[in-house]
Amino acid sequence: MTTETTALSPEEFDELDAILDDLRTRGEDVPQWEFCEGVMAALLCTRRPVPVDEYLPLVLGIAAGPAGQPGEEGEAWFADEAQRSRFMTLWQRREAEVAQALSLDVETLEDERTYHPEVMDLRGAVAMLPDAERAEMASQELPAFGQVWALGFMFVVENWAEEWELPRDRDTAAWIDEALATLVALTEDDTAAPTFNMHHEEGPPSVSDERANAFGAAIWAVYDLHRIWHSLGPRVAPARKTGEPGRNDPCWCGSGKKFKKCHGA
């Protein structure tokens with residue numbers, strides 16, 4: 001039986017954004033929450049469970065030392081232990097919510113139980129700003145819908161590459177490769193003609209039909225990756241007898257030959 005989790009409220013997502021904004025005052029590379037959403041989904045799909053002390057410093061650039069203390073040059077850190085504790089509480093609640101959604105058998109994106117990434121149609125939101133404010137942002141390159149989320153997902157795939165190595169089984173490897181290709185495609189720009197606004201149904205068009213379909217396909221790709229990797233389980237290092245030389249090591253008998261051409265033949 002699946003235990004119900006309490007979904008984060010809009011106000012709690014705002015809290016996460018506020019903490020990240022504060023961290024960004026001490027480290028400009030701290031990502032937006034949408035990037036973290038992609039990171040979280042990928043970590044839940046990764047073959048080996050990655051502990052928080054391993055991924056958090058890499059994702060956020062947080063110093064590994066005591067809370068509130070600066071780390072190496074260019075790193076950011078939490079203002080105090082209370083801020084770190086609140087961030088982790090909200091992170092873990094959202095993580096539990098996503099994990100629960102990915103564990104369910106759902107058949108449509110319209111199912112309220114389906115995993116729905118917390119992403120924003122930034123282009124649609126900017127398009128609805130007053131003319132003066134929109135003009136101020138004209139020089140900024142805005143990400144496409146779902147692009148930052150997909151970049152966060154692929155960040156994990158690239159930084160924990162050993163956990164994402166394709167298995168030997170060709171069919172399984174092909175399924176994983178296809179799912180990852182779907183997510184990689186979403187990291188690219190939306191260059192098709194926009195047809196609707198995801199930020200507001202009456203807003204100026206900002207997202208293409210092709211992009212919306214690609215985003216839906218990427219969600220199903222996450223489901224596929226989650227099921228495949230969890231069915232395979234953690235990677236197991238090949239066993240090797242203690243003291244046994246490698247095939248190209250000198251043979252233990254002292255003949256001067258390689259082990260594979262002597263007693264290992």
Side-chain angles (χ1 to χ4, degrees), residues 7-42 56-63 70-80 83-84 86-87 90-91 94 116-156 158 183-216 218-219:
L8 294 189
S9 67
E11 292 76 19
E12 287 171 325
F13 277 115
D14 288 342
E15 275 191 77
L16 285 168
D17 284 332
I19 293 174
L20 292 174
D21 286 343
D22 182 63
L23 286 172
R24 209 169 291 114
T25 65
R26 297 182 290 279
E28 60 182 10
D29 292 331
V30 174
Q32 300 290 334
W33 177 253
E34 183 174 331
F35 185 91
C36 295
E37 273 277 317
V39 165
M40 181 181 290
L56 196 64
L58 187 60
V59 174
L60 299 184
I62 303 301
E72 298 178 4
E73 184 178 357
E75 288 187 329
W77 59 96
F78 290 105
D80 50 36
Q83 187 185 60
R84 184 186 191 282
R86 182 57 177 164
F87 180 85
L90 295 173
W91 176 288
R94 176 58 178 165
H116 292 287
E118 186 70 15
V119 300
M120 180 179 182
D121 177 13
L122 190 57
R123 294 178 181 178
V126 170
M128 296 188 66
L129 292 174
D131 291 344
E133 294 182 40
R134 191 168 65 252
E136 291 178 1
M137 303 186 67
S139 61
Q140 297 186 26
E141 186 174 349
L142 302 176
F145 180 72
Q147 186 174 16
V148 176
W149 171 73
L151 287 169
F153 194 102
M154 294 309 301
F155 174 87
V156 171
E158 293 165 3
L183 284 150
V184 169
L186 205 66
T187 67
E188 303 295 333
D189 194 13
D190 179 11
T191 57
T195 55
F196 59 94
N197 189 307
M198 296 288 285
H199 181 73
H200 194 285
E201 61 181 10
E202 296 182 1
S206 55
V207 178
S208 68
D209 288 336
E210 292 85 348
R211 189 66 173 193
N213 291 334
F215 182 67
I219 293 177

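Scope of the values below: all heavy atoms of this structure, side chains included, with no hydrogens, waters or symmetry mates.
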Do the side chains of Phe153 and Leu186 get nearer than 4.5 Å, heavy atoms only? no
Using a 3.5 Å distance criterion without hydrogens, assess whether the side chain of Arg24 forms a donor-acceptor pair with backbone atoms of Asp29. no
Atom pair CG/CZ of Leu60 and Phe87 - distance to nearest 0.5 Å: 4.5 Å
Between the side chain of Asp22 and the main-chain N/O of Ala18, is any donor-acceptor distance below 3.5 Å? no
Check whether any side-chain N or O of Arg123 sits under 3.5 Å from a backbone N or O of Ser206 as a donor-acceptor pair, and report yes or no. no
Exam field: side chain Asn197 to backbone Pro204, donor-acceptor pair closer than 3.5 Å: yes
Hey, what do you get for CD (Glu118) to CD (Glu34), rounding to the nearest 0.5 Å? 9.0 Å
Approximate separation, where rounding is to 0.5 Å, of Arg134 CZ and Met128 CE: 10.5 Å
Just by modelled atom types, is the Phe145 backbone N or O under 3.5 Å from a matching donor or acceptor in the Asp190 side chain? no
Work out which heavy atom in Leu20 is nearest to a heavy atom in Pro31; give both atom names and the distance. CD1-O, 3.7 Å
Using every non-hydrogen atom in the two residues, find where Asp17 and Trp33 come nearest and quote the distance to one decimal. OD1-CB, 3.3 Å
Distance, nearest 0.5 Å, that separates CG of Asp209 from CZ of Phe196: 5.5 Å
Do side-chain atoms of Gln83 reach the backbone of Ala79 as a donor and acceptor pair under 3.5 angstrom? yes
Minimum heavy-atom distance between Trp149 and Ala41, given as atom pair plus value: NE1-CB, 4.5 Å
How close do Ala42 and Val156 get, counting heavy atoms only, and between which atoms? CB-CB, 3.5 Å
Nearest-0.5 Å distance, CG of residue Leu16 to CZ of residue Arg86: 8.0 Å
Using side-chain contact (heavy atoms from CB on, under 4.5 Å) as the criterion, point out the one residue from Leu56, Leu151, Val59 that pairs with Val39. Val59
NZ/NE/NH1/NH2 to OD/OE distance under 4.0 Å, Glu12 and Arg94: no
Find the distance between OG (Ser208) and CZ (Phe215) and round it off to the nearest 0.5 Å. 13.0 Å
Please find the pair of heavy atoms, one from Val148 and one from Pro143, that lie closest to each other, and give the distance. CG2-CB, 3.7 Å
Closest non-hydrogen contact found for Glu37 with Pro117 is OE1-CA, 3.6 Å
